[in-house]
Amino acid sequence: ELKVEQNPLFLSMQEGKNYTIYCNYSTTSDRLYWYRQDPGKSLESLFVLLSNGAVKQEGRLMASLDTKARLSTLHITAAVHDLSATYFCAVFPGTYKYIFGTGTRLKVLA
Amino acid sequence: EAQVTQNPRYLITVTGKKLTVTCSQNMNHEYMSWYRQDPGLGLRQIYYSMNVEVTDKGDVPEGYKVSRKEKRNFPLILESPSPNQTSLYFCASSFVGSPYEQYFGPGTRLTVT
């Protein structure tokens with residue numbers, strides 16, 4: 001069964017702290033996507049990682065991909081309240097189907 | 001403005017009453033897809049379409065139908081809705097070809113009583 005697992009599922013962190021969200025997947029996929037969803041809103045694309053070793057950064061967020069370990073990380077640096085949201089990773093393993101993780105709900109406390 | 005639109009945004013209906021949720025995109029994307037989002041389960045793909053008249057099942061297609069008669073439209077049809085189809089539905093689209101980056105519609109919250 002194709003699975004995408006994220007951990008943690010819930011994360012409460014203080015402003016200014018660093019943390020990492022992990023995304024493990026069970027099938028071969030040479031691309032991985034990270035999305036952000038604010039409460040009651042749609043999904044917004046954050047990063048598209050297209051190859052092993054890919055690293056992308058936008059502001060306080062940095063995403064990386066290790067296709068051999070089937071692992072992607074989303075690192076948060078010096079968190080701020082505006083980063084509070086739910087973050088999803090998804091893989092596209094070549095079958096034209098997307099498989100999403102269950103999401104990580106992040107709450108940044110002032 | 002490039003966008004994916006869905007209608008209606010909110011719908012409360014009764015068991016067995018056929019309904020259609022429309023999805024339209026103005027980006028000339030070949031690939032379109034429907035998802036449902038349920039608490040604790042993330043997003044699960046219902047159906048997808050690679051182009052006009054080409055559709056295929058996702059992971060949770062039971063109880064749903066789709067059609068793709070025009071490139072810009074991809075309606076989701078529930079012929080006999082049941083309470084377990086109460087969910088938040090998203091339509092998405094992308095170009096066929098790398099990076100297959102999807103753009104999502106605003107969502108449709110469906111309640112079946």
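Here is how names work: the chains are called A, B, and so on, in the same order as the sequence lines, proteins then strands, and each is numbered from 1. Any value given below was found using the heavy atoms of this structure, including those in side chains, with hydrogens, waters and symmetry copies removed.
Heavy atoms closer than 4.5 Å to chain B are found in the side chain of A/Phe92, but not in its backbone. Within the 4.5 angstrom heavy-atom criterion, no atom of A/Glu44 approaches chain B. In this structure, chain B has a heavy atom under 4.5 Å from the side chain of A/Phe88, while its backbone stays farther away. Proximity to chain B (any heavy atom under 4.5 Å) is shown, for A/Lys97, by both the backbone and the side chain. Only the backbone of B/Pro106 comes within contact range of chain A, judged by heavy atoms closer than 4.5 Å. Heavy atoms closer than 4.5 Å to chain A are found nowhere in B/Tyr103, neither backbone nor side chain. For chain A, the nearby part of B/Gln37 is the side chain; its heavy atoms alone come within less than 4.5 Å. For a residue to count as touching a neighbouring chain, one of its non-hydrogen atoms must lie under 4.5 Å from one of that chain's; by this rule B/Thr108 does not touch chain A. B/Leu41 touches chain A through its backbone: at least one of N, CA, C or O sits under 4.5 Å from a heavy atom, while the side chain does not.
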Between A/Ser64 and A/Thr73, does a side-chain hydrogen bond (donor to acceptor under 3.5 Å, both in side chains) hold up when you go through it step by step? CA-CA 5 Å; A/Ser64 66; A/Thr73 60; 2.7 Å; yes

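With B/Tyr47 as the partner, the side chain to side chain contact (heavy atoms under 4.5 Å, CB included) test is satisfied by one option alone out of B/Val66, B/Asp56, B/Val60: B/Val66.
In this structure, the ring of A/Tyr35 has its center no less than 6.0 angstrom from the ring center of A/Tyr98.
The shortest non-hydrogen separation linking A/Arg31 to A/Leu50 is CB-CD2, 3.8 Å.
The number of heavy atoms from other shown groups lying within 6.0 Å of CZ (B/Arg109) does not exceed 12.
Between A/Met62 and A/Thr77, the closest side-chain pair of non-hydrogen atoms is not below 4.5 Å. Annotation: side chain of A/Tyr22 is not in contact with side chain of A/Thr104 (no heavy-atom distance under 4.5 Å).
Here the side chain of B/Gln25 pairs a donor or acceptor atom with the backbone of B/Asn28 at under 3.5 angstrom.
With chain B as the partner, the residue from A/Leu43, A/Val48, A/Leu9 showing the most heavy-atom pairs under 4.5 Å is A/Leu43. With respect to chain A, the highest number of heavy-atom pairs below 4.5 Å among B/Tyr48, B/Tyr100, B/Phe90 belongs to B/Tyr100.
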